[in-house]
Amino acid sequence: MTLPHPITEDLAELVARRFRVLAEPMRIRLLDRLRDGEATVGELSAELGASQQNVSKHLAVLADSGMLGRRKDGNRVYYRIIDESVFALCEQVCGSLQRQLEALRQIVAAGELS
């Protein structure tokens, strides 16, 4: 699918809204962890070293944006990624940043050898 060019105001707003949701480091960490499979607030809190209240708040934002789904099992709620386009976006951004970081490391290493 190709995007219209120029993009409409409505589409621009939706794209900006998606990036605002992803602009929080804890949400990136949550999505990264959920790549391994579903988890509860308690599990995510323990693994990421954050309070359950903080994790729950960020999971709610991600779920409200349509990126995460919830599954209730008794008194536990399991979260999982349901919008797999998140993976492609994260791979694109993380890959680009990782290449930039590696280039900077090489520049620094070359400067240290001089």
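For the side-chain contact (heavy atoms from CB on, under 4.5 Å) with M67, the qualifying choice from V61, L59, L62 is L62, the only one to do so.
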Below 3.5 Å, can you tabulate the donor-acceptor pairs from side chains in residues 70-78 to any protein atom, sequence neighbours excluded?
from: R71; atom 1: NE; to: E38; atom 2: OE1; distance (Å): 3.3
from: R71; atom 1: NE; to: E38; atom 2: OE2; distance (Å): 3.4
from: R71; atom 1: NH2; to: E38; atom 2: OE2; distance (Å): 2.3

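A search for side-chain hydrogen bond (donor to acceptor under 3.5 Å, both in side chains) contacts involving R27 returns H58, not counting sequence neighbours. Residues forming a side chain to side chain contact (heavy atoms under 4.5 Å, CB included) with L97 (at least two apart in sequence, or on another chain): V93, Q100. Residues meeting the side-chain hydrogen bond (donor to acceptor under 3.5 Å, both in side chains) test with R80, sequence neighbours left out: none.
Looking at L89 and L22, their side chains come closer than 4.5 Å, going by heavy atoms from C-beta outward.
Here the closest non-hydrogen pair linking Y79 and L68 is CD2-CD1, 4.3 Å. When all heavy atoms of V55 and A50 are compared, the closest pair comes out as CG2-CB, 3.8 Å. Scanning both residues, G66 and I82, for their nearest heavy atoms gives O-CG1, 3.5 Å.
The side chain to side chain donor-acceptor pair (under 3.5 Å) contacts involving residues 81-99 comprise R18-D83, R35-E91, D83-S85, where partners must be two or more places apart or lie in separate chains. For residues 44-53, the side chain to side chain donor-acceptor pair (under 3.5 Å) pairs, not counting sequence neighbours, are R33-E47.
Within 6.0 Å of the CZ atom in F87, the count of heavy atoms belonging to other residues, nucleotides or ligands exceeds 12.
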Worked check of side chain to side chain contact (heavy atoms under 4.5 Å, CB included) between L11 and V15:
CA-CA 6 Å; L11 182 55; V15 170; 4.2 Å; yes
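Remark: the backbone N or O of D10 is not paired with any side-chain donor or acceptor of E13 at under 3.5 angstrom.
To the nearest 0.5 Å, atoms CG (L14) and OG (S65) are separated by 11.5 Å. Remark: L30 CG to L48 CG distance equals 5.5 Å, nearest 0.5 Å.
Salt bridge absent: E24 and R29 never bring a charged side-chain N and a carboxylate O closer than 4.0 Å.
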